[in-house]
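Before any comments, here is the structure.
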Amino acid sequence: MPPNDEELITRARNAQKNAYAPFSQFKVGAALLTDNGKIYSGCNVENSTYGATNCAERTAIFTAVCDGARNFQKIVVVTDREDPVMPCGICRNVLFEFSPKMEIIAVGASGNTERIQLSALFPKGFRLEKKQEKEV
Ligand code: THU
């Protein structure tokens, strides 16, 4: 059975607990579901330089890619804000690189949920033509 959205929300909430956000105090958790039913979670990791900060969504997707996954069905993003928070522009482009048709599910503190397909949230995203990848 593929994991349901409740399971993804639980995974995202667990990751959110590990968020390193001493500067913004804004903790974010994400759970990414691959086409094969695997889940990868992520949290935001801030940095004293500010610019090196990594969002929860990118932590999840980079972890997934490192594990060999490249096709994604959906991502759940959770915060402690009442209103659901959608991925930032950089994360939208990173998600778009792999799965433009994936679903974004943003969940607020009390469970308010907003769903949208990435291609609707981020139409005409930037992509380069892919070249043959070198095997190692
Ligand atoms: N952040 C995320 O992790 N995901 C988003 O979609 C929005 C912003 C993080 C980055 C930073 O650590 C904090 O939230 C405030 O911008």
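Note that the coordinates shown come from a computational prediction; the quantities given were computed from them, not determined experimentally. Start at 1 and go down the list; that is how both ligands and their atoms are numbered. Positions are given from 1 along the sequence.
Residue pairs meeting the ring-ring contact (aromatic ring centres under 6.0 Å, His included) criterion with at least one partner in residues 77-129, sequence neighbours excluded, are F96-F122.
Looking at residues two or more places apart in sequence or on another chain, you find a side-chain hydrogen bond (donor to acceptor under 3.5 Å, both in side chains) between E82 and S110. Under the ring pair (Phe, Tyr, Trp, His ring centres under 6.0 Å) criterion, F62 pairs with no residue at all, not counting sequence neighbours.
Checking side-chain atoms of S41 against main-chain N and O of A15 turns up no donor-acceptor pair under 3.5 Å. R115 places no side-chain N or O within donor-acceptor distance of the main-chain N or O of A106, the cut-off being under 3.5 Å.
Protein residues are said to neighbour a ligand when one of their heavy atoms lies under 4.0 Å from it; for ligand 1 these are S24, F26, V28, N44, E46, T53, C55, A56, E57, M86, P87, C88.
Between the side chains of N44 and Y20, no donor-acceptor pair is found at a separation under 3.5 Å.
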